[in-house]
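In what follows, chains are A, B, ... by sequence order, proteins preceding strands, each numbered from 1.
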Protein chains: 2
Amino acid sequence: MASTEDTIAVRISKELADRIISGAIEPGSRLRQDHVAEEFNTSHVPVREAFRRLEAQGLAISEPRRGVRVASFDLGEVREVAEMRAALEVLALRHAAPHLTASILGQAEEATKAGDKSHDVRSWEEANRTFHRLILAPCNMPRLLATIDDLHAASARFLFAAWRSEWETRTDQDHRAILSALRQGNTESAAATLGRHVQWIGQKPVKTASGRTRDAFAIVG
Amino acid sequence: MASTEDTIAVRISKELADRIISGAIEPGSRLRQDHVAEEFNTSHVPVREAFRRLEAQGLAISEPRRGVRVASFDLGEVREVAEMRAALEVLALRHAAPHLTASILGQAEEATKAGDKSHDVRSWEEANRTFHRLILAPCNMPRLLATIDDLHAASARFLFAAWRSEWETRTDQDHRAILSALRQGNTESAAATLGRHVQWIGQKPVKTASGRTRDAFAIVG
DNA sequence: AACTCAAAAATTATCTATAATTTGACGCCA
DNA sequence: TGGCGTCAAATTATAGATAATTTTTGAGTT
């Protein structure tokens, strides 16, 4: 996955991003440049550059002279990301719709089926992300797609924090409705469904470190 | 402006961002780390970090082992930024509206007047940006506001590229309509006007390096 | 003149070393 | 016991040195 063409800084940032998203590193915990450098067998110079990338993606927060920590999040940020995704994915879909082919819609349907069959969060998330990317990519707006990608990374993080292990299979009616509307050339209906779809925030009781249960929230679309 | 608390990398990235936005550095031109380091009397380590920040803002493009260049742009990207701004600023305004006070709206009106009186692009742009920031900031959505800020930086760049020097004063009816709707508590009307407003793309003939004239485009709201 | 191709120069990426700052522990004293 | 200052250890930030890569130059060839 980490192509050898990538610079070390990019490799490190991808690996750390993965750990942050999967929850392997706790929100709020410090990222110490020397420790990371040692783990990756490099000096801290590329590590610092990796930190800047994580910062830009909103996965880490850096305070001058006080180091970098994994970004924390709360229900407010989950809502914020959901609404930004709704606004931007609807925009992307409107532009992508005219360029969607039967082949792309077919692949999107496969992704939906894969998601429905998933027994764990990680594979569901991957299938879901594939679906969204497939129907939005043809909008041909690189800046928009890059921003949406960052939002998806944030979404995945919220999701894994709430559904660390358990996952119930369920058939995604929204995805099917979107595909059906797109096949009929009804872009506005597809966009409206998509906008609602990504704002659906799931709720789930999780156990905290202190043994108590509280509700966790995540975007489930 | 460049606070001494900032790390050197931040100071450099702010200064370079300013130059790129103002057009002092040509799109496509290379940013050489040693030269920048020498100019700022530092080593190239903070320079490289500054480059990563510019990359994240979409102001520079980095190719591994081949250096960093100032990002180019075309009409397509101007449209893209305009549409993203429309989608996100409308979202921000909907959330900000309930928190807008008479004082904020007063300041926004002052900013509009300052813009109307501006005889040069730079001061118009600053007043315009102030207006937008004032009415959107109370949405209290930091990620959304940060994204909008980056889009404003891109907008400013397009604007300065097209209207390098000449500027005609004009009264901004849209801003007044938005303020009036907000004062009446009519959020949806204000949002609709704002959405149209930031998608208005101005067109202006400019002289190219080769002496010919072509049309330049920029967001004028 | 145009076209290799190799060597030199310039530039990027990384490593090692040092300075500056923050964190944390310890002991002191009210 | 609890707050406070001081010093040591850890950590961040920058500088200087080196390795690896790309770009440029230019001689030699067709």
Side-chain angles (χ1 to χ4, degrees), chain A residues 1-20 24-72 209, chain B residues 1-20 24-72 209:
Chain A
M1 187 63 46
S3 117
T4 48
E5 301 167 46
D6 279 342
T7 185
I8 292 181
V10 173
R11 280 215 308 276
I12 295 176
S13 78
K14 284 183 181 169
E15 172 62 27
L16 290 182
D18 227 61
R19 290 186 200 170
I20 295 172
I25 320 181
E26 292 276 303
S29 64
R30 291 187 66 174
L31 295 172
R32 293 187 188 82
Q33 58 185 36
D34 282 4
H35 297 198
V36 176
E38 195 177 9
E39 180 189 343
F40 287 89
N41 276 305
T42 63
S43 83
H44 59 253
V45 179
V47 173
R48 292 180 59 81
E49 290 182 39
F51 286 173
R52 297 290 91 78
R53 296 180 141 270
L54 294 174
E55 216 186 329
Q57 286 176 82
L59 294 176
I61 292 183
S62 157
E63 290 175 284
R65 305 240 156 233
R66 307 194 51 183
V68 175
R69 32 182 85 248
V70 176
S72 304
Chain B
M1 187 64 47
S3 119
T4 48
E5 300 167 48
D6 280 343
T7 186
I8 293 182
V10 173
R11 281 217 306 279
I12 295 177
S13 77
K14 283 183 181 169
E15 172 62 26
L16 290 181
D18 225 63
R19 291 187 200 169
I20 294 172
I25 321 182
E26 292 276 303
S29 64
R30 293 186 64 175
L31 295 172
R32 293 188 190 82
Q33 58 183 37
D34 284 5
H35 298 198
V36 176
E38 195 177 9
E39 180 190 344
F40 287 88
N41 276 305
T42 65
S43 84
H44 57 250
V45 179
V47 173
R48 292 180 59 83
E49 289 183 39
F51 285 173
R52 295 290 90 80
R53 297 180 139 268
L54 294 174
E55 216 186 329
Q57 287 176 80
L59 294 175
I61 292 182
S62 156
E63 291 176 284
R65 305 240 156 234
R66 307 192 53 181
V68 174
R69 25 182 93 250
V70 176
S72 305

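Summarising the geometry, the separation between CD1 on B/I8 and C1' on D/dA15 is reported as 10 Å, rounded to the nearest angstrom. Rounded to an integer number of Å, the gap from CZ of B/R32 to P of D/dT22 is 16 Å. As rounded to whole Å, 9 Å separates atom P of C/dT23 from atom CZ of A/R69. Rounded to whole Å, the distance from CZ on A/R52 to P on C/dA13 is 17 Å. Atom-to-atom, CZ of A/R66 to C1' of C/dT21 comes out at 11 Å; the value is rounded to the nearest Å. In this structure, B/R48 atom CZ and D/dT14 atom C1' are separated by 15 Å, rounded to whole Å. One can place CG of A/D34 at 11 Å from P of D/dA13, the figure rounded to the nearest angstrom. Spacing between atom CD of B/Q33 and atom P of D/dT18 amounts to 17 Å, rounded to whole angstrom units.
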> Would A/T7 and A/E49 count as a side chain to side chain contact (heavy atoms under 4.5 Å, CB included) if you check the C-alpha gap in whole Å, the side-chain angles of each, and the deciding distance to 0.1 Å?
Replying inline: CA-CA 10 Å; A/T7 185; A/E49 290 182 39; 5.8 Å; no

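Here A/R52 pairs with A/E55 in a salt bridge; the nearest charged N to carboxylate O distance falls below 4.0 Å.
At the phosphate of D/dT14, OP1 or OP2 sits under 4.0 Å from a side-chain N or O atom of B/T7. Taking side-chain N and O atoms only, B/S43 has no distance below 4.0 Å to OP1 or OP2 of D/dT14.
No side-chain heavy atom of B/E15 sits under 4.5 Å from any side-chain heavy atom of B/I12.
Put simply, the side chain of B/R69 gets close to the backbone of B/G28: a donor and an acceptor are under 3.5 Å apart.
Evaluation of atom-type donor-acceptor distances gives no pair under 3.5 Å for the side chain of B/H35 against the base of C/dT11. Remark: the A/H44 side chain and the C/dT14 base include no donor-acceptor N/O pair separated by less than 3.5 Å.
Residue A/R30 is in sugar-phosphate contact alone, with no base atom involved, counting any heavy-atom pair closer than 4.0 Å across all strands shown.
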